[in-house]
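Proteins come first, then strands; the chains are lettered A, B, ... in the order of their sequence lines, and each starts at number 1.
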Number of protein chains: 2
Amino acid sequence: MGRNRATLADVARRAGLSKTAASMVLNGREGTRLSAEAHQRVFAAAEELGYRPNLAARSLRTRKTATIAFVSDIVATTRFAGDLIRGALDAARERDHVLLITETQGDATFEQYAIEAVLDRQVDGVIYAAMATRRLSVPAAILGGPVVLLNATSPDGLPSVVPDDEGAGRSVAAALLELGHRDAIALIGRNRLKEDDPEVSLAASARLHGIRQTLDEADVSLLAECFCTEWLPEHGYAAMRGLLSKPKRPSAVICMNDRLAFGAYQALGEAGLTVPEDISVISFDDDPIAAWLRPSLATTALPHEQMGRRAVELLLDGGVAEPALVGMPLRRRRSLAPPAG
Amino acid sequence: MGRNRATLADVARRAGLSKTAASMVLNGREGTRLSAEAHQRVFAAAEELGYRPNLAARSLRTRKTATIAFVSDIVATTRFAGDLIRGALDAARERDHVLLITETQGDATFEQYAIEAVLDRQVDGVIYAAMATRRLSVPAAILGGPVVLLNATSPDGLPSVVPDDEGAGRSVAAALLELGHRDAIALIGRNRLKEDDPEVSLAASARLHGIRQTLDEADVSLLAECFCTEWLPEHGYAAMRGLLSKPKRPSAVICMNDRLAFGAYQALGEAGLTVPEDISVISFDDDPIAAWLRPSLATTALPHEQMGRRAVELLLDGGVAEPALVGMPLRRRRSLAPPAG
DNA sequence: ATGCTCTGCTAAATCAGTTTAGCGACCACT
DNA sequence: AGTGGTCGCTAAACTGATTTAGCAGAGCAT
């Protein structure tokens, strides 16, 4: 890779100047008294030789690598990770930085290894990302330099970026109230573990809180709340069947994520009910399936790309201590309608 | 980041030896005549100081960075990308390497930039990945060093890794024949563009070829073939409705991917038909939705994680010139049954 | 006593940049 | 004539590793 690249010395020689001069010109240093002609000769030489600086050499001296480590627990499992990374990549490119990506798989040994690997490479900072929004404590090793938590918060008060799940909860509830739903709104996806343990999830309690707050303000209370051990389609399916077996049928259902909603759709289909005429459905995440469902599913989008971007900006530009909340936009789709009767 | 790290000089001083000695001991060099005691002193000093070599300094001298560039057209859009990256990350870690990830977004300027950025950082090799299996030509700039194409082939005969779509086509057809389907097998997802332009897709023609070959051998021909402009759920939905409007109803349907199958399920549900009693469905990709559908969808899995792994292995261990085919395992699920009557 | 080999180790060069300190030429002013 | 300042530029140190070349001392033979 990169054999016979021209070096700074080559450029200087061709320009008939010293390495010092060449370096200063190419770095656009102010206050050097190099002549306009010297500038031109250096630029011309660099151009002709196709000179590109060797960043390994540069960073040895400057202790800057223009490289950011993106350390996450799990990259692959959730498809959202891709958006997080894409946002970070975009922002990094805009600032002439590059991303070194590693994965810990939630394993302490791997984590240790990953962190050493990136620190050995002299990264300028670390983005420590979690794939489920949660609280965590970061390994001490990375505290020596800039760190930003992505999709996570920590007790150490490190800068962090998280989605505004509470706001999303409010939007969801408000959207239903707006349509006239009141006394027959059901909720699918209560989960003690997620709600009570911030190290498992911050989203569950925030979403619930947002929903409750808005409903309370309108003096509305939920018709039913279904607990689910996980937030997968099968649990949404079972929960919806449960709801339909009760005497009073809900006019609208809030699902804690799109996968639950997907399962709920399946149960509704089997029961011969149509969305949204018989029941409105709304949820969280904006998983790609939300748009693929028939009818398309109204939901609040996890702004992963934005979040990745913010994390890089916070890391490089410095940022506030309190968590940066990124809004979750409501995607109004066809699964919403006013209540039937 | 990493201020006050101990240097090799610190270790040498503490061990009462020269940098040369310390370097040789820590690198486990054979044939040096350093005493056992010297070895111990160096190891002890390194341990006590928590010494970690500065890889920027090392690579300046050795021209090796233990870093691989992963350059792809689009990371985020498809959720499969995550698996590709995960496989590559795993294999890289096993070999003490790390991944520098960039994205070109299919834009020539970004691509140019991305490639310069990684070459400037002296990566040891480049994995050039495409998110849809296709043929492409790689930018000349990266040809200076090791390159492996991932999920793509090129006319230059570079080492490459692709899924065995043709084998998947054979598996799919064979699975239906095995169950007794013969004269009422339909295909959803023909697509001229994908089939005819290898720079758009290699998968479409390979899958089709595999299917045809196996059916031909059994002297079976397809009942119907539906063309789709894209491979999205809505197109699968429309195609399935088309099929159901014809006099002879298929006993089994092959969809060119899971998203088409998802759409086909929707149409079947609306028509009041059940899978697999009325119609069997089988497809390609093993998207997560395949397992979430009711009934779960039989499909052939894109082995993305394996592929990412192979790419790294090929890059570091050197490999053959012809494309490495990675098998696509058949996932037998509940959407398959013998034909009805 | 001299020369030779072997052992155990080190000084110094090297990689490709950045940065510090300062040099020689020229001019202006007293 | 001496002094001081600016201009335009460079030599050399420095970053932290690896690697080449070679040195000092011991042991042994001649």
Side-chain angles (χ1 to χ4, degrees), chain A residues 1-43 45-46 49-67 119-124, chain B residues 1-42 45-46 49-67 96 119-124:
Chain A
M1 213 93 259
R3 311 141 309 168
N4 23 338
R5 282 166 64 119
T7 70
L8 185 63
D10 296 331
V11 172
R13 197 170 316 123
R14 178 169 253 255
L17 289 164
S18 67
K19 284 199 303 170
T20 311
S23 170
M24 288 174 154
V25 167
L26 293 174
N27 288 314
R29 288 268 290 242
E30 306 282 319
T32 86
R33 296 179 296 237
L34 292 162
S35 64
E37 205 222 320
H39 275 79
Q40 286 187 7
R41 289 220 306 275
V42 170
F43 286 131
L49 296 173
Y51 171 72
R52 301 231 96 218
N54 178 328
L55 296 194
R58 172 181 292 171
S59 43
L60 181 56
R61 184 78 232 255
T62 60
R63 316 191 144 279
K64 297 224 163 297
T65 49
T67 301
L119 293 184
D120 288 352
R121 286 171 180 79
Q122 318 291 120
V123 295
D124 294 343
Chain B
M1 209 95 259
R3 311 141 308 170
N4 21 335
R5 282 166 63 120
T7 70
L8 184 64
D10 297 331
V11 172
R13 196 172 315 122
R14 178 169 253 254
L17 290 165
S18 67
K19 284 197 305 171
T20 310
S23 170
M24 288 173 154
V25 167
L26 292 174
N27 288 314
R29 287 269 291 242
E30 308 282 321
T32 86
R33 296 177 297 240
L34 292 162
S35 64
E37 205 221 321
H39 275 78
Q40 286 186 8
R41 290 219 306 276
V42 170
L49 296 173
Y51 171 72
R52 301 231 96 219
N54 178 327
L55 295 193
R58 171 180 292 172
S59 43
L60 181 55
R61 186 76 234 256
T62 61
R63 318 191 141 278
K64 297 223 163 297
T65 49
T67 302
D96 266 329
L119 293 184
D120 288 352
R121 285 168 180 82
Q122 317 292 121
V123 295
D124 294 343

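No donor-acceptor pair closer than 3.5 Å links the side chain of A:Asp120 to the backbone N or O of B:Leu55. In this structure, B:Thr62 contributes its side chain and B:Arg58 its backbone to a donor-acceptor pair below 3.5 Å. A:Thr65 contributes a side-chain N or O that, together with a main-chain N or O of A:Gln122, makes up a donor-acceptor pair within less than 3.5 Å.
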* Worked verdict on A:Arg121 versus B:Thr67 for side chain to side chain donor-acceptor pair (under 3.5 Å) -> CA-CA 9 Å; A:Arg121 286 171 180 79; B:Thr67 302; 3.2 Å; yes
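Taking atom CD on A:Glu30 and atom P on C:dT19, their separation rounds to 14 Å, with Å as the unit. At whole-Å resolution of the value, CG in B:Asp10 and P in D:dG16 are 9 Å apart. Distance B:Met24 CE to C:dC9 P: 12 Å, rounded to the nearest Å. Rounded to an integer number of Å, the gap from CG of B:Asp120 to C1' of C:dG17 is 13 Å. Between B:Asn27 atom CG and D:dT19 atom C1' the separation is 11 Å, expressed in whole Å. Atom CG of B:Asn54 and atom P of D:dT18 are 10 Å apart (whole Å). Whole-Å rounding puts the B:Arg63 CZ to D:dA17 P distance at 18 Å. In this structure, A:Arg5 places its CZ atom 10 Å from P of C:dA16, rounding to the nearest Å.
Counting atom types as modelled, B:Arg61 pairs a side-chain N or O with a base atom of C:dT14 as donor and acceptor under 3.5 Å. At a cut-off of 3.5 angstrom, counting only N and O atoms as typed in the model, there is a donor on one side and an acceptor on the other between the side-chain of B:Arg33 and the base of C:dG8. Remark: the B:Ser59 side chain and the D:dA17 base include no donor-acceptor N/O pair separated by less than 3.5 Å. In terms of polar N and O atoms assigned as donor or acceptor, the side chain of A:Thr20 never comes within less than 3.5 Å of the base of C:dT18 in a complementary pairing. For A:Lys19 and C:dG17, a side-chain-to-base donor-acceptor distance below 3.5 Å is present, hydrogens and geometry of angles not being considered.
For B:Arg29, no side-chain nitrogen or oxygen approaches OP1 or OP2 of D:dT18 to under 4.0 Å. Within the 4.0 Å cut-off from OP1 or OP2 of D:dG16, not a single side-chain nitrogen or oxygen of B:Thr7 is found.
With distances taken from any side-chain atom of A:Leu17 to the nucleotides D:dC9, C:dG17, C:dC9, the minimum falls on D:dC9. When the nucleotides C:dG17, D:dA17, C:dC9 are ranked by their closest atom to the side chain of B:Arg58, D:dA17 comes out on top.
Of the two residues near DNA chain C, B:Ser35 and A:Ala6, the one whose nearest nucleotide lies more 5' is B:Ser35.
Counting any heavy atom pair closer than 4.0 Å across all strands shown, A:Ser23 reaches a base atom. Residue contacts for B:Ala56: at a heavy-atom cut-off of 4.0 Å it reaches no nucleic acid atom on any strand shown.
Note: B:Met24 CE to B:Glu30 CD = 12.0 Å, rounded to the nearest 0.5 Å.
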